[in-house]
Amino acid sequence: MIRYFTAGESHGPGLTGIVEGVPAGLEITEEYIEQHLVRRQKGYGRGGRMAFEKDHADIQSGVRFSKTMGAPIALSMVNRAYEKDDSNWPKVMAKDGERGDVENITLPRPGHADLVGLQKYRFKDIRPVIERSSARETAMRVACCSIARKFLKEFGIEIGGHVIQLGKIGYNGWDSVRKAADPLAENGAESIYKAADESDVRCLDEELSHEMREEIKIKRKEGTSLGGIYEIVVTGLPAGLGSHVHWDRKLDGQLAQAIVSTQAMKGVEIGLGFDAGKTHGHNVHDEIIYENDSFKRRTNRLGGFEGGMTTGMPIIIRGVMKPIPTMIKPLKTADIETKEEQDTRYERSDVCALPRAVVVVESVIAPVIANAILEKFGGDSMSEILERYQNEK
Ligand SMILES: Cc1cc2nc3c(=O)[nH]c(=O)nc-3n(C[C@H](O)[C@H](O)[C@H](O)COP(=O)(O)O)c2cc1C
């Protein structure tokens with residue numbers, strides 16, 4: 001089973017990742033990982049950090065001549081912002097020595113981890129919470145998970161996401177999204193992300209992309225922030241990944257966990273999702289047909305899942321991201337020292353990180369699906385697993 005860990009703080013010297021459980025013989029390069037890191041950095045609505053944040057993950061171990069060795073893969077990523085930053089890290093976050101005259105940050109931002117993190121760990125300064133809860137960590141998640149993504153590609157399984165709603169701007173229902181995404185998915189889900197990447201708001205529709213950009217401009221001027229909804233499609237799957245037999249083996253549930261574990265994600269829909277509760281059964285369930293020697297579904301309104309198992313149809317999963325909590329126009333908060341009401345402080349922040357978050361979510365679901373493949377067709381090397389996959393799928 002593939003597991004991964006990340007370590008590192010937002011403004012610290014760098015991020016570290018360890019990916020354990022990757023079979024031997026998987027071709028992986030720093031270039032492959034970097035393409036997804038670059039994608040994570042692009043998107044309309046970014047704040048000032050983009051200028052000096054050029055991410056690259058160094059493979060430190062576990063790979064030889066571009067192939068995995070079955071050993072843990074260690075990745076390290078330098079924070080380019082570290083040296084150019086105004087956070088004064090070596091002093092305010094020094095790993096040893098005395099605290100000296102370092103002032104506490106005492107104004108927790110509503111919607112961020114600030115207050116609860118501080119209460120939980122009994123800090124007097126919010127810095128350690130800000131530093132670790134920040135979505136800077138998602139850079140290393142993308143790096144780690146892109147190895148699982150590459151693993152899936154060896155089985156013809158592709159992942160691609162796009163933005164379907166940003167604030168009040170979005171598609172007019174399920175069918176209009178299907179019209180935009182399904183023809184692309186016919187050629188594999190990566191066609192979806194490649195087309196979406198053409199838009200700096202990662203929306204497949206040109207007119208909507210324009211409106212979304214305008215919406216971000218307006219909200220930036222107003223000093224507020226935006227979230228939205230994205231859809232991730234996974235193609236090339238065999239039927240029967242996951243299992244109906246036990247709650248924690250249901251793959252749809254595992255995917256939902258991975259998505260909601262990502263900073264700012266507040267909900268997940270599978271297929272029609274919440275719309276399925278607004279209509280009758282004949283508009284929801286997908287009729288079964290037998291075509292070209294296999295069972296298929298006439299439609300895919302349940303998003304590729306029945307009983308927590310893949311049906312062999314593409315997975316269609318959506319997530320909602322809340323608006324960014326750090327905003328130029330302040331909210332009210334209470335100072336943790338004086339207990340007095342104050343305006344929140346502002347630090348450099350995105351207005352809307354939704355287009356970038358799509359890449360993060362594409363990434364975090366990859367190890368979950370990779371583990372479902374490993375569970376069903378497992379082995380220690382790629383050749384062993386691929387052999388089993390060809391024989392048994
Ligand atoms: C890609 C990405 C970028 C983000 N950028 C910011 C940001 O610039 N400023 C901010 O306050 N929150 C940002 N967030 C959201 C916060 O990290 C998140 O709201 C916070 O950690 C609290 O976690 P929760 O929203 O899951 O409760 C971003 C999230 C993602 C996924």
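Heads up: numbering here begins at 1 and tracks the sequence. Bear in mind that the values here come from a model prediction, so they are computed numbers and not experimental data.
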For Thr138 and Arg40, test the side chains for any donor-to-acceptor distance below 3.5 angstrom and give the result as yes or no. yes
Does Arg345, at its CZ atom, have more than 12 non-hydrogen atoms belonging to other residues, nucleotides or ligands within less than 6.0 Å? yes
Do Thr235 and Glu158 pair up side chain to side chain, a donor and an acceptor below 3.5 Å, judged on atom types alone? no
What I want to find out is whether Glu131 reaches Arg136 closely enough, with some N-O distance under 4.0 Å, to be called a salt bridge. no
Going by side-chain contact (heavy atoms from CB on, under 4.5 Å), Leu152 matches just one of Ile365, Leu237, Ile373. Which one? Ile373
Tell me whether the count of non-hydrogen atoms from other residues, nucleotides or ligands lying under 6.0 Å of CZ in Phe274 goes above 12. no
Cation-pi between Arg318 and Tyr230: NZ/CZ under 6.0 Å from ring centre and within 45° of the ring axis? no
Taking the hydrophobic residues Ile, Leu, Val, Met, Phe, Trp and Tyr, and joining any pair whose side-chain heavy atoms are under 4.5 Å apart, which ones share a cluster with Ile336? Ile105, Leu115, Leu118, Tyr121, Phe123, Ile126, Val129, Ile130
Exercise: do Arg109 and Thr326 side chains pair donor with acceptor under 3.5 Å: yes
Applying side chain to side chain contact (heavy atoms under 4.5 Å, CB included), can you list everything that pairs with Asp343, at least two apart in sequence or on another chain? Pro330, Lys332
Distance in Å, Arg3 CZ paired with Glu20 CD, rounded so as to fall on 0.5 Å steps: 4.5 Å
Could you verify whether a donor N or O on one side chain and an acceptor N or O on the other, from Arg141 and Ser261, lie under 3.5 Å apart? yes
Other than Tyr346, what residues sit in its cluster of Ile, Leu, Val, Met, Phe, Trp and Tyr side chains whose heavy atoms are under 4.5 Å apart, directly or through others? Ile328
After noting the C-alpha distance and the side-chain angles of Leu75 and Ile33, does the key distance pass the side chain to side chain contact (heavy atoms under 4.5 Å, CB included) rule? CA-CA 10 Å; Leu75 301 172; Ile33 297 172; 4.1 Å; yes
Would you say CG of Asn172 has more than 12 non-hydrogen atoms from neighbouring residues, nucleotides or ligands within 6.0 angstrom? no
Any donor-acceptor N or O pair under 3.5 Å, side chains His210, Arg213: no
Could Lys376 and Glu392 be called an ion pair, given the rule that one side-chain N must be under 4.0 Å from one carboxylate O? no
Between Arg249 and Glu375, does at least one N-O distance fall below 4.0 Å, as a salt bridge requires? yes
I'd like to know if Glu222 pairs up with Lys217 as an ion pair, taking the criterion as any Lys NZ or Arg NE/NH1/NH2 lying under 4.0 Å from an Asp or Glu carboxylate oxygen. no
Could you state the interatomic distance from CD (Glu9) to CZ (Arg132), rounded to the nearest 0.5 Å? 7.0 Å
